[in-house]
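Please read the structure below before turning to the comments.
Atoms considered below: every heavy atom in the structure, side chains included; atoms not considered: hydrogens, waters and symmetry mates.
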Amino acid sequence: MTKYIRRASVFCLVLLIALLLNSARIQVFQAQSLDDNSANRRETIQRYDQPRGDILVQGKPITGSKDTGESYKYERTYKNGPLYSPVTGYASQTYGTTFVESAEDDVLSGTDPMLSTVPFWNEVSRFQNAGGDVETTINAAAQKAAYDGLGGKKGAVAAIDPASGKILALVSTPSYDPGDIAGTGQSDVDTWNALNSASSQPMLNRAIRQTYPPGSTFKVVTAAAVLENNVVNGITTDTDTPSPYTLPGTTTQLTNESSSAACEDATLEYAMRVSCNTVFANLGVQVGLGDMVKMAENFGFNDSGIKVPMTAAKSNFDTDMNDSQLALSSIGQFDTAATPLQMAMVSAAVANGGTLMQPHLVDKTTKANGTTVSTTDNKTYQQVMSAYTATQLQQMMVDVVTKGTGTNAQIPGVTVGGKTGTAQNGVNNEGTPYAWFISYAQGPDASTPQVAVAVVVEDASADRADISGGGSAAPIARSVMEAVLNSSGS
């Protein structure tokens, strides 16, 4: 009898060991593959079992969470969703995350190891911390001024603090409310389908993901290249430029919107003030392709790695062109294309004495109790040009606003520099042009400029003759600059 008991005990021991080994195999060696299995809803249920951390603007949350009572318990909510959607993006239980919601998802969802008090405790215990918060660099007044200024027209605004690279406003219109697609219900699906099929593309972040021909705003880049390469002997010296100007190697004549006679042999200063196409096309060719490419890339063109923290679309300046193409590219035409963020970077570099700071949208992340997890340092993106060249560009941009094409951007008592642009659009340029304006502003008590702005308006419903950077875009830029200056006590 004892022998049979012993055998049964050994058999049970073998079964126990096999069970333990199998359990270890599943829990240790197969854990990751099981976690990643699309049929495993446990991790997703856990993800939504607690409120998501908040995205903040000047210390105030622009997001929230609501208890749905469903298996995916907490659903994302948004305050002023259409106003801030180009910043927040969406956090959807059905469609995932975008923009800051995506870039900072680990912090917001509570899965970032940095949120844990004890290192590696989360990995061992599978405990989930409370979601952390993300403090943005956005200025609430500037964001609202940009959104209200666009008034629902297709367009975008980007505003930057030139000294730090902090993004003060990032607006794209028409917009949408990300809260309408945050859940799993049929209404969320219907809204998603409607948004994606809308011809106005409300989910397109035009400020960082759409490129446009920059038109005459690109003349600031060309002027920087001209001055850095000593193509002209100062900004007040006459240039040897005919008007009209025949594009090299062609019989095509380039003309000016302003008086052709006035642009003939015009100085760089005057050409910037009234926006002479002929002068900048001619000077761009004299600079040469290599140095024009170098200057454009100093400003950020051709860089596909600009993250704010979400990745911005690459702005383009061709690296292989003949002289006629280079002439057109030097006035922001041909294949030259830029995001509004890129053109705000152009203005910011000029305003900051030639030093372009890395643009960024997140100031810091914190735990739920307010303890700082990470901060974003102010970093130099590129020394674009010399301080002397930047000073000359500032002088020319101020002239544009005080007595040139950008007078609609004037702010009493404030130093404002700007550049208008009207970019051609459509087949054979028959579409309504895009209206551009880039600018910067310095309050009377400030030692350096406090804000740089880029505005683009694509208004297909307007009369073609009414579209201009000075008329359509400059007033919006002025409102954004005023909002920043007023909120900083200037």
Within the distance-only criterion (no hydrogens, no angle test), does the side chain of [X] pair as donor or acceptor with the backbone N or O of [Y] below 3.5 angstrom?
{"X": "Ser487", "Y": "Val484", "value": "yes"}
{"X": "Gln325", "Y": "Asn322", "value": "yes"}
{"X": "Thr222", "Y": "Phe280", "value": "no"}
{"X": "Thr339", "Y": "Thr211", "value": "no"}
{"X": "Glu269", "Y": "Asp399", "value": "no"}
{"X": "Thr407", "Y": "Lys403", "value": "no"}
{"X": "Thr137", "Y": "His360", "value": "yes"}
{"X": "Asn282", "Y": "Asp240", "value": "yes"}
{"X": "Thr239", "Y": "Ala266", "value": "yes"}

If I take atom [atom1] from residue [X] and atom [atom2] from residue [Y], how far apart are they, to the nearest 0.5 angstrom?
{"X": "Thr241", "Y": "Leu283", "atom1": "OG1", "atom2": "CG", "value": "5.0 Å"}
{"X": "Met343", "Y": "Ser439", "atom1": "CE", "atom2": "OG", "value": "11.5 Å"}
{"X": "Met295", "Y": "Thr389", "atom1": "CE", "atom2": "OG1", "value": "7.0 Å"}
{"X": "Leu289", "Y": "Asp320", "atom1": "CG", "atom2": "CG", "value": "7.5 Å"}
{"X": "Thr319", "Y": "Met292", "atom1": "OG1", "atom2": "CE", "value": "13.0 Å"}

Mind checking whether [X] and [Y] have side chains closer than 4.5 Å, heavy atoms only?
{"X": "Tyr84", "Y": "Gln143", "result": "yes"}
{"X": "Thr63", "Y": "Lys79", "result": "no"}
{"X": "Thr191", "Y": "Asn193", "result": "no"}
{"X": "Lys419", "Y": "Phe437", "result": "no"}
{"X": "Tyr90", "Y": "Tyr176", "result": "yes"}
{"X": "Thr246", "Y": "Leu254", "result": "no"}
{"X": "Asn378", "Y": "Gln358", "result": "no"}
{"X": "Thr311", "Y": "Ile306", "result": "no"}

Can you find a side-chain donor-acceptor pair between [X] and [Y] that sits under 3.5 Å?
{"X": "Thr405", "Y": "Ser275", "answer": "no"}
{"X": "Glu228", "Y": "Tyr388", "answer": "no"}
{"X": "Thr355", "Y": "Asn352", "answer": "no"}
{"X": "Tyr245", "Y": "Asn256", "answer": "no"}
{"X": "Ser172", "Y": "Asn205", "answer": "no"}
{"X": "Thr372", "Y": "Thr366", "answer": "no"}

Val87/Ile138 under side-chain contact (heavy atoms from CB on, under 4.5 Å): CA gap, chis, key distance, verdict: CA-CA 9 Å; Val87 175; Ile138 293 294; 4.0 Å; yes
With Asn302 via side-chain hydrogen bond (donor to acceptor under 3.5 Å, both in side chains) - residues at least two apart: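 Result, side-chain hydrogen bond (donor to acceptor under 3.5 Å, both in side chains) vs Asn302: Glu297.
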Lys166/Asp363 salt bridge by N-O under 4.0 Å criterion: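 Yes, this pair counts.
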Short N-O contact, Asp133 and Arg52, less than 4.0 angstrom: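 Between Arg52 and Asp133 there is no salt bridge, as every charged N stays at least 4.0 Å from the carboxylate O atoms.
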Over 12 non-hydrogen atoms of neighbours within 6.0 angstrom of CG in Asp238: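 Enclosed: over 12 neighbouring heavy atoms sit under 6.0 Å from CG of Asp238.
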Derivation of the side-chain contact (heavy atoms from CB on, under 4.5 Å) call for Trp192 and Tyr95: CA-CA 9 Å; Trp192 173 268; Tyr95 303 108; 3.4 Å; yes
Whether Tyr434 and Tyr212 hold their rings parallel, tilted or perpendicular, with breakpoints at 30° and 60°: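 Rings of Tyr434 and Tyr212: perpendicular, over 60°.
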Which pair of non-hydrogen atoms, one from [X] and one from [Y], has the smallest distance, and what is that distance?
{"X": "Pro359", "Y": "Met345", "result": "CG-SD, 4.0 Å"}
{"X": "Pro82", "Y": "Tyr147", "result": "CB-OH, 3.5 Å"}
{"X": "Pro340", "Y": "Ala156", "result": "CG-CB, 3.8 Å"}
{"X": "Arg76", "Y": "Ala182", "result": "O-CB, 3.3 Å"}
{"X": "Asp112", "Y": "Val107", "result": "OD2-CG2, 3.5 Å"}

Listed once per pair and sorted, the salt bridge (Lys or Arg N to Asp or Glu O under 4.0 Å) pairs that draw on residues 137-160, sequence neighbours left out: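 Pairs touching residues 137-160 that pass the test: Lys144-Asp148, Lys153-Asp459.
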Pairs touching residues 310-344 that satisfy ring pair (Phe, Tyr, Trp, His ring centres under 6.0 Å), sequence neighbours left out: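 Matches after skipping sequence neighbours: Phe218-Phe317.
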Stepwise side-chain contact (heavy atoms from CB on, under 4.5 Å) check, Lys294 with Asn229: CA-CA 11 Å; Lys294 182 177 185 299; Asn229 291 281; over 6 Å; no
Derivation of the side-chain hydrogen bond (donor to acceptor under 3.5 Å, both in side chains) call for Asp190 and Ser187: CA-CA 5 Å; Asp190 292 342; Ser187 64; over 6 Å; no
